[in-house]
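Please read the structure below before turning to the comments.
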Number of protein chains: 2
Amino acid sequence: MPVRLKDIAIELGVSVVTVSKVLRNHSDISTETRNRVLERMRQLNYRPNLAARALVTGRTNMIGFVVPDLLHPFFAEVAKGLTKVLRKKGYCLVIASSEEDPLLEKQEIEHLLARRVDALIVASAQSDSSSFVLAGEQKTPFVLIDRFFEGYSADFIGVDDEKVGYLATCHLIEQGCKRIAHIRGPQFSAAHGREAGYRSAMKGIGQPEIIVSTASMDNQADARGYDAMNELLATNPRPDGVFCFNDPNAIGALSAIHDAGLKVPQDIAVIGVGNLHYDSLLRVPLSSVDQDSSALGEEAAKLALKLIESKIKSRPKKIMLEPKLVPRASSLRNQ
Amino acid sequence: MPVRLKDIAIELGVSVVTVSKVLRNHSDISTETRNRVLERMRQLNYRPNLAARALVTGRTNMIGFVVPDLLHPFFAEVAKGLTKVLRKKGYCLVIASSEEDPLLEKQEIEHLLARRVDALIVASAQSDSSSFVLAGEQKTPFVLIDRFFEGYSADFIGVDDEKVGYLATCHLIEQGCKRIAHIRGPQFSAAHGREAGYRSAMKGIGQPEIIVSTASMDNQADARGYDAMNELLATNPRPDGVFCFNDPNAIGALSAIHDAGLKVPQDIAVIGVGNLHYDSLLRVPLSSVDQDSSALGEEAAKLALKLIESKIKSRPKKIMLEPKLVPRASSLRNQ
DNA sequence: TTGAAAGCGGTACCAC
DNA sequence: GTGGTACCGCTTTCAA
């Protein structure tokens, strides 16, 4: 039903090829013909069938984006960064959510691959890399964000998690905390990095490390943080500072502390990661480490586009963005 | 590079058609042939090129989703509901963000139309309906969510906004508020409905209506709420209850009240709309009206699929979901 | 039950 | 400058 190249060609008494060339700004078309064609295209509101074009060019101009959870503001913000860059280049974003389920993630990746997306951007929920081997087979470039696999080399963009942990912990130290605990994240690279940063900072003050793990990654990160914090509160002496894997965890921790009748930051200072935009609106505004998710999205998009352009596969890049401390009331004890 | 139907056909010494039929579970294929083909498909990890299929069937199995702002949890949740039902049907979701810009929105819609998405789901940022006329021309079904246009008939799914306003206002009345103000949203249908509900509830108690408008819809709804609340605080006597268009507005209002040295809910009770999942974690947990965004997404997806299936265009449906009151500390004065 | 041929709406290549 | 032709990978139709 929509207008086709052919329709315009017939109407104007030129060939399909000519119209096609005008469409793509080929130089070897007379100005007159070009104008006639353009004019008519506009009148008819012609839009090329991108599926057809994809079939012959082998490029769909689509990028697949797989996230563990769309509701998590971090991924939403990354998505926003992605669209910002991709829109300008005429690409569009196909989003799939894995709901933190490795199996689903794999299915979604295969689906996107069948769709022949030009590149894949994945924040992976899974611990093995078999899906990516698949992508590799089809020569579909992919970039990992936020979470990567130890021992599997791929293009990656994330924040420098070790620095995140270091920044956060040092901040607590500067605020006078002595017994600083870490509520650790699930088995992802980010958790490793942040823990390493914490350890490294703790070495500096010669205090023992106190680490508890959250049970799993799921949609109830705050509940996880609540439980973990209660574990910590049961220890004696209890910590006077806590660095949480992420803000939802930290929010849960805040609740636990509050429920125990203790005060933040006087009794226990708390800091999280993510700088969610409602952190400042919480009962006690939450200190955090900002990951600049939007920039992460933009960088990821740029990298993906570059990978699409370059025929030859270059050595995987690993881009680390700088985290930034955002101190708020939950950790500021010096005033 | 990826395996094609043809490759398998040649290898097995059958025709392309046969393989194609197996792929789509056609009945008229001998069990033996079918098994041989399926076997080989599995071995080679064959995935049909969906772009090619789209070209001939005229169906892309893609649904376009246009939102004003991905970061707004409401839309993220709707998206989640959408993917949940679309995934099962083999559809995928192409997301575009209009950043609350009508022009961008129009461009994105045209882009998606060029992509030949099978249906369009739009939470519109614009006040005219020209883009939808376009969609209509291409016979692409579309469903509006959350916001619709007065005088333009289209399939729509949203919450019953009048009831939202009524519920919220009645709740404030029950809590003993007398001078109840409404911070009104921008010029969208939702704002009209909620305002109407507010008015209707106010009629019942014979108190004057107090309405202020937020300047515009943008990413800083909380700042808008802050400003609007300050306007209200300047009036004399000031309100003792405020029903805000949405939760971000309400959060801004809370800050303004707090900054003015007043107490919530004792001095002023506040309620918003949206039931964002961090409402309960705020300095003062925010009362809200829940819109069940996830269900909204699921319903929208189902409706879109139905529209795609049914050849003939039926009369546009308007589905209204029931809102639900979620009272929290910001409005509970009776205890 | 199987397959040959046509064609979906474009683009690439090469002759004119 | 312009256009004929082949073809991208798949489905559809119809004949064998």
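Every heavy atom of this structure was used, including side-chain atoms; hydrogens, water molecules and symmetry mates were not. Per chain, numbering begins at 1; letters A, B, ... match sequence-line order.
- Checking the phosphate oxygens (OP1, OP2) of C:dG3, a side-chain nitrogen or oxygen of B:Thr18 falls inside 4.0 Å.
- Under the 3.5 Å distance criterion, with hydrogens and angles disregarded, no donor-acceptor pair is assigned to the side chains of A:Gln291 and A:Ser293.
- Distance check: B:Phe65 CZ to B:Cys92 SG gives 14.5 Å after rounding to the nearest 0.5 Å.
- The nearest whole Å value for the distance from the CD atom in B:Glu32 to the C1' atom in C:dT1 is 12 Å.
- In the model, B:Glu32 has no side-chain atom that pairs as donor or acceptor with a side-chain atom of B:Ser30 under 3.5 Å.
- Comment: A:Glu299 engages A:Lys302 in a salt bridge, judged by a side-chain N to carboxylate O separation of less than 4.0 angstrom.
- Salt bridge present: A:Arg59 and A:Asp118 bring a charged side-chain N and a carboxylate O closer than 4.0 Å.
- For A:Thr33 and D:dG1, the shortest distance from a side-chain N or O to OP1 or OP2 is not below 4.0 Å.
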- Query: What one-letter contact string describes nucleotides 7-16 of chain D from 5' to 3', where B marks a base within less than 4.0 Å of any protein heavy atom, S marks contact via sugar-phosphate atoms alone, and - marks no contact?
  - Reply: -BBBBB----
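- Considering CZ of A:Arg115 and CG of B:Asn49, their distance stands at 10.5 Å, rounded to 0.5 Å.
- In this structure, the nucleotide among C:dT2, C:dG3, D:dG1 sitting nearest to the side chain of A:Ser30 is D:dG1.
- One can place CG of A:Asn35 at 14 Å from P of D:dG1, the figure rounded to the nearest angstrom.
- At its two ends the helix from C:dT1-D:dA16 to C:dC16-D:dG1 runs along axes set 40° apart, each axis drawn from five pairs and the angle rounded to 10°.
- With hydrogens and angles left out, the side-chain atoms of B:Arg24 and B:Ser20 include a donor and acceptor closer than 3.5 Å.
- For the pair B:Leu12 CG and C:dT2 P, the computed distance is 12 Å after rounding to whole Å.
- The cationic group of B:Lys318 lies under 6.0 Å from the six-membered ring centre of B:Phe148 and within 45° of the ring axis, placing it in a cation-pi geometry.
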